[in-house]
Amino acid sequence: MPTRIIKADQSDPSPESVAAGSDIIRRGGLVVFPTETVYGLGADALNTEACSGIYRAKGRPSDNPLIVHVCSMEMLSAVAADIPESLAEKLKYLWPGPLTLILRKSSAIPGRVTGGSDFVAVRMPDCRLALELIRVSGVPIAAPSANISGKPSIVNGLDAARYLDGKVDLIYDAGNTRYGLESTILDLSGKSPVLLRPGSYSVEFLERYFGRIILPETLDISERKNIPITPGTRYRHYSPDKPLYLVDDPVLLENIAMGKYGMNAAVIAPDDLCRISRIPCISIGSGSDLDVVASMLFQALDSVDRVSADVAFAPTFPSHGIGLAIMNRMVKASVATLSDEKQVMVAIGGKNPSSQSGGNVG
Ligand code: AMP
Ligand code: MG
C-alpha cells in the first residue's frame with residue numbers, strides 16, 4: 001500500500017494534519033503517530049479487522065495484546081469496566097502520562113485487541129497530536145510500538161518510515177518523542193498492583209499513589225505462581241541483528257573501545273569514551289543523566305546494525321528509578337552480560353553464549 005508521510009507538530013498539530021490521520025483511522029486503516037514515550041502503530045481499537053492489520057504490519061505474534069489509547073475519562077469508561085472512584089482520583093495526577101493500566105475490559109473491546117483476555121491495557125498519552133488524533137477519530141486507538149516485532153522501539157517518525165513504508169497508510173514525521181522509552185505497565189486486576197513492565201514513570205514515583213507495587217522479578221518461584229505475567233515478556237525484544245553484549249565493568253568497556261581485544265567490534269558508550277574510542281562508538285549522551293540515556297537508547301540500539309562491526313558492547317546502569325526500565329530493555333536486547341576479559345575474547349571471536357532474554361523473536 002502507498003504510505004503518506006506528513007510533517008506535523010507534536011505539541012501544536014494543525015487541524016489538517018490531525019484530519020489526515022483520523023480519516024484513515026475511521027476507515028479502518030493504519031497510522032503511525034508519536035506519543036510522549038515512543039511512536040505507536042495505531043488502528044481503531046473497536047474494529048477487529050483494523051487491529052488484525054496492526055499484527056500483520058508488525059509481524060507481531062497474535063497472542064501479544066495491544067495497548068488501547070484514550071483521550072478522556074469518558075472514553076476510558078467505554079473501554080474498561082468497574083473503574084473505582086479512587087483510581088479515577090489518582091489518574092487526575094498521572095494521566096495523560098506514561099502509565100498503562102491493566103483493567104477489566106468492556107464488551108466494546110474485541111478479543112483481538114487483548115489476545116482473548118478479559119483484561120485490557122489502557123493509557124492516555126501525554127502528546128497533543130496523539131490526543132487530538134484519538135479525539136477527532138472518535139474512537140480509542142489500539143497501538144503497539146511502531147517497530148517491526150523483535151526490533152528496537154521507534155522514537156522518530158522518519159525511523160518508522162525506514163521499516164514501515166508500504167505497510168501502513170500514514171506516518172507522522174513529528175520529530176523525536178519526549179521520553180524515548182515505553183510506558184510503565186501496572187496490572188491492577190488483582191489485590192495488589194503488579195509491575196508488568198518498568199517504563200518512563202519510575203516505580204518509586206508510582207508507589208506514592210498506589211502503595212507497594214509487586215515486582216515479579218524480585219519474587220521467588222513459589223511466590224510468582226499467583227502473579228500475572230504480561231504476554232509480551234515471552235518474546236525477544238529490542239534486538240539488533242548483530243550480537244550485543246552488556247559489560248558490567250567500565251574498565252573492561254574502555255579496553256574494548258581502545259581496541260585491546262580487536263577492532264571488529266562497536267561500543268554503545270557515554271560521550272567521554274566515544275571521544276577516545278578507536279572502534280565505532282554510538283553515543284548515549286553524558287552517561288550520568290539517565291533520562292538522556294533513556295531518550296537515546298532505542299536509536300543507539302537501532303544504529304548497531306548500521307555500524308561496520310560484527311559485534312557490539314554496551315555498559316550497564318544502576319537498576320533503580322528510570323535505570324530499571326533502561327536495564328530491562330538492554331537485557332532483552334542483548335545476548336549476555338560479560339564481566340571479564342576471557343568472556344570478551346570469546347564474544348569477539350564470534351562464539352555466542354546462549355541468549356539471556358529467552359524466547360524467540362516477537
Ligand atoms: P508494546 O505495545 O509493543 O509497547 O507492548 C505492549 C505490552 O503491553 C506488551 O508487553 C503486552 O504484552 C502488554 N499488554 C497489552 N495488553 C495486555 C493485557 N491485556 N494484559 C497484559 N499485558 C498486556
Ligand atoms: Mg513494543
Side-chain angles (χ1 to χ4, degrees), residues 30-43 45 51 54-55 57-70 76 79-81 98-106 108-125 127 130 140-155 159-160 163-164 177 179-190 193-201 214 216-217 227-239 294 297-298 301-302 325 328-333 357-359 361-362:
L30 300 177
V31 174
V32 171
F33 64 97
T35 73
E36 81 282 33
T37 57
V38 298
Y39 273 69
L41 197 177
C51 291
I54 295 178
Y55 288 91
K58 273 192 68 129
R60 185 173 175 102
S62 59
D63 63 351
N64 192 359
L66 309 175
I67 294 176
V68 174
H69 295 71
V70 298
L76 172 66
V79 165
L99 172 66
T100 297
L101 299 174
I102 307 295
L103 300 168
R104 184 168 291 282
K105 82 174 187 71
S106 75
I109 294 295
R112 191 82 192 92
V113 168
T114 63
S117 161
D118 288 339
F119 294 89
V120 62
V122 57
R123 85 176 191 99
M124 191 187 293
C127 168
I141 295 184
S145 49
N147 51 293
I148 298 296
S149 204
K151 293 285 148 203
S153 296
I154 296 288
V155 300
D159 289 340
Y163 297 104
L164 294 170
T177 62
Y179 291 108
L181 272 191
E182 301 93 336
S183 59
T184 307
I185 306 182
L186 214 51
D187 189 326
L188 298 182
S189 66
V194 177
L195 182 76
L196 295 188
R197 176 176 73 186
S200 299
Y201 273 162
I214 296 173
E217 280 165 27
I227 296 296
I229 59 158
T230 187
T233 54
R234 281 199 287 273
Y235 299 102
R236 184 95 184 264
H237 269 87
Y238 314 118
S239 310
L297 181 65
F298 283 134
L301 291 175
D302 189 42
N328 169 275
R329 309 309 188 268
M330 292 185 79
V331 166
K332 288 184 184 201
S357 51
V361 172

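When reading the values below, keep in mind they use all heavy atoms of this one structure, side chains included, and skip hydrogens, waters and symmetry mates. Indexing begins at 1, ligand by ligand and atom by atom, following the structure's order.
The contact set between ligand 1 and Phe119, taken as ligand atoms under 4.0 Å from a residue heavy atom, comprises 19 (N). Within ligand 1, the atoms closer than 4.0 Å to a non-hydrogen atom of Ala121 are 15 (C), 16 (N), 17 (C), 19 (N), numbered from 1 in the order shown. In the vicinity of Ile185, heavy-atom distances shorter than 4.0 Å reach the ligand 1 atoms 7 (C), 8 (O), 13 (C). For ligand 1, the atoms lying closer than 4.0 Å to a non-hydrogen atom of Pro144 are 2 (O), 3 (O). Shown in contact with Ile102 at under 4.0 Å from a heavy atom are these atoms of ligand 1, numbered in order with element: 17 (C), 18 (C), 20 (N), 21 (C), 22 (N), 23 (C). Close contacts of ligand 1 with Arg197, meaning ligand atoms under 4.0 Å from a residue heavy atom, involve 1 (P), 4 (O), 5 (O), 6 (C), 7 (C). Near Asn64, the atoms of ligand 1 lying under 4.0 angstrom from a non-hydrogen atom of the residue are 9 (C), 11 (C), 12 (O). Against a heavy-atom cut-off of under 4.0 Å, Pro65 is close to the following atoms of ligand 1: 11 (C), 12 (O), 14 (N), 15 (C), 16 (N), 17 (C), 18 (C), 23 (C).
Residues Glu182 and Arg123 are not paired through a salt bridge, judged by the lack of any N-O separation under 4.0 Å between the basic side chain and the carboxylate.
Rounding to the nearest 0.5 Å gives a distance of 8.5 Å between CZ of Arg329 and CG of Leu297. In this structure, the separation between NZ on Lys105 and OG on Ser189 is 14.5 Å, given to the nearest 0.5 Å. Annotation: the span from Ile148 atom CD1 to Ser153 atom OG amounts to 12.0 Å, rounded to 0.5 Å. Summarising the geometry, atom OH belonging to Tyr238 is positioned 6.0 Å from atom CG belonging to Asn328; distances are rounded to the nearest 0.5 Å.
In terms of polar-atom proximity, defined here as any N/O pair under 3.5 Å, Thr114 makes no such contact with ligand 1.
Residue Val68 is tested with Thr114, Ile141, Val113 for a side chain to side chain contact (heavy atoms under 4.5 Å, CB included); the sole match is Val113.
No heavy atom of Lys105 sits closer than 4.0 Å to any atom of ligand 1. Heavy-atom separations between Asn147 and ligand 1 are all 4.0 Å or longer.
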side-chain hydrogen bond (donor to acceptor under 3.5 Å, both in side chains) for Thr100 and Ser183? Distances and angles first, verdict last.
CA-CA 6 Å; Thr100 297; Ser183 59; 2.7 Å; yes
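Counting heavy atoms from C-beta on, the side chains of Asp302 and Tyr163 come closer than 4.5 Å. In this structure the side chain of Met124 never reaches within 4.5 angstrom of the side chain of Leu76, judged on heavy atoms.
Counting backbone and side-chain atoms alike, Ser145 contributes an N/O/S atom closer than 2.8 Å to the Mg ion (ligand 2).
Neither the backbone nor the side chain of Arg123 comes within 4.0 Å of ligand 1, counting heavy atoms alone.
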